[in-house]
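The next block holds one structure in the form of structure tokens; read it before the comments.
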Amino acid sequence: MKDVLIADSSPRIDAVAVELDWPSEYDPFEGFDGPNGHIETYRAKADAAKRSESRYNTLRKQYKDFGEIQGTTKGFFIFANGEIIAGGTRGYVYVEVYSFTNANAYIPLATGTVNSMLKYADKMTALATDS
């Protein structure tokens, strides 16, 4: 997590984003740049699904020369320009992760991080809605 300024806030007042970063002390070797990502939380499940669909389509167009996007709007990854971008949605959240470099070996790191973040969001949703 990092400090943010008012200028860093989302243009939407009905969505919240939490930015995540890989601490350097977890690096398995020098020069490793672990995954970075964020969780966006929405008031409605449909808004989170719409965000994922929009991002999925944007990435597919933006990086069409680097490789086909794999997966669906519920969970996907794409080889971008020097990185892997993975994302997905479940319930009220959209999650996106960036992992450098764009090598096959980093696909499980990026997609596993997305899955972990989605599971965390499920857990927090269950806690928040428990009566």
Side-chain angles (χ1 to χ4, degrees):
M1 298 243 212
K2 69 176 187 176
D3 292 336
V4 295
L5 306 170
I6 291 290
D8 297 326
S9 65
S10 171
R12 295 181 56 144
I13 60 171
D14 63 340
V16 177
V18 177
E19 195 170 316
L20 305 169
D21 196 357
W22 179 277
S24 59
E25 60 265 20
Y26 293 139
D27 290 353
F29 53 85
E30 191 163 331
F32 178 82
D33 188 11
N36 299 318
H38 63 273
I39 300 173
E40 298 173 9
T41 305
Y42 294 87
R43 288 185 187 261
K45 292 178 181 180
D47 289 340
K50 191 182 302 181
R51 168 69 167 135
S52 186
E53 183 178 349
S54 171
R55 189 68 174 137
Y56 178 89
N57 290 329
T58 298
L59 290 170
R60 189 171 58 196
K61 290 175 188 168
Q62 184 176 358
Y63 295 110
K64 67 180 182 215
D65 295 334
F66 292 91
E68 184 178 328
I69 203 165
Q70 300 291 313
T72 69
T73 58
K74 297 219 181 261
F76 64 85
F77 75 89
I78 189 168
F79 288 100
N81 188 12
E83 65 187 333
I84 293 174
I85 301 173
T89 187
R90 190 155 54 226
Y92 296 91
V93 300
Y94 170 74
V95 171
E96 191 166 300
V97 170
Y98 314 91
S99 183
F100 304 94
T101 65
N102 61 350
N104 286 341
Y106 291 95
I107 294 171
L109 179 63
T111 58
T113 302
V114 166
N115 289 332
S116 294
M117 292 167 69
L118 289 171
K119 285 180 183 178
Y120 174 78
D122 285 345
K123 182 178 174 183
M124 292 299 104
T125 299
L127 287 173
T129 57
D130 190 23
S131 314

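Counting all heavy atoms, side chain and backbone alike, A105 lies closest to P108 at O-CD, 3.5 Å. Closest heavy-atom contact between G88 and V114: N-CG1, 4.1 Å.
When the side chain to side chain contact (heavy atoms under 4.5 Å, CB included) test is applied to A103, the partners found at least two apart in sequence or on another chain are T101, Y106. Take T113 and apply the side chain to side chain contact (heavy atoms under 4.5 Å, CB included) test, not counting sequence neighbours, and it matches P35, V97, L109, M117. For the side chain to side chain contact (heavy atoms under 4.5 Å, CB included) test, residues two or more places apart in sequence or in another chain that qualify with A48 are Y42, T89.
Evaluation of the salt bridge (charged side-chain N to carboxylate O under 4.0 Å, His left out) test over residues 106-117, restricted to residues two or more places apart or in two chains, returns none. Residue pairs that meet the salt bridge (charged side-chain N to carboxylate O under 4.0 Å, His left out) test with at least one member in residues 91-107, sequence neighbours left out, are R55-E96. Within the structure, every pair that satisfies the salt bridge (charged side-chain N to carboxylate O under 4.0 Å, His left out) test and touches residues 108-125, not counting sequence neighbours, is listed here: R90-D122.
Using modelled atom types, no side-chain atom of S54 and backbone atom of K50 make a donor-acceptor pair closer than 3.5 Å.
Annotation: the span from Y98 atom OH to H38 atom NE2 amounts to 5.0 Å, rounded to 0.5 Å. To the nearest 0.5 Å, the span separating OG1 on T72 from CD on E53 amounts to 10.5 Å.
Residues Y94 and Y92 fall into different hydrophobic clusters, defined by Ile, Leu, Val, Met, Phe, Trp and Tyr side chains chained together at heavy-atom separations under 4.5 Å.
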Which pairs of donor and acceptor atoms, one on a side chain in residues 74-87, lie under 3.5 Å apart (sequence neighbours left out)?
none

Sequence neighbours left out, cut at 3.5 Å: what donor-acceptor pairs do the side chains of residues 61-71 make with other protein atoms?
none

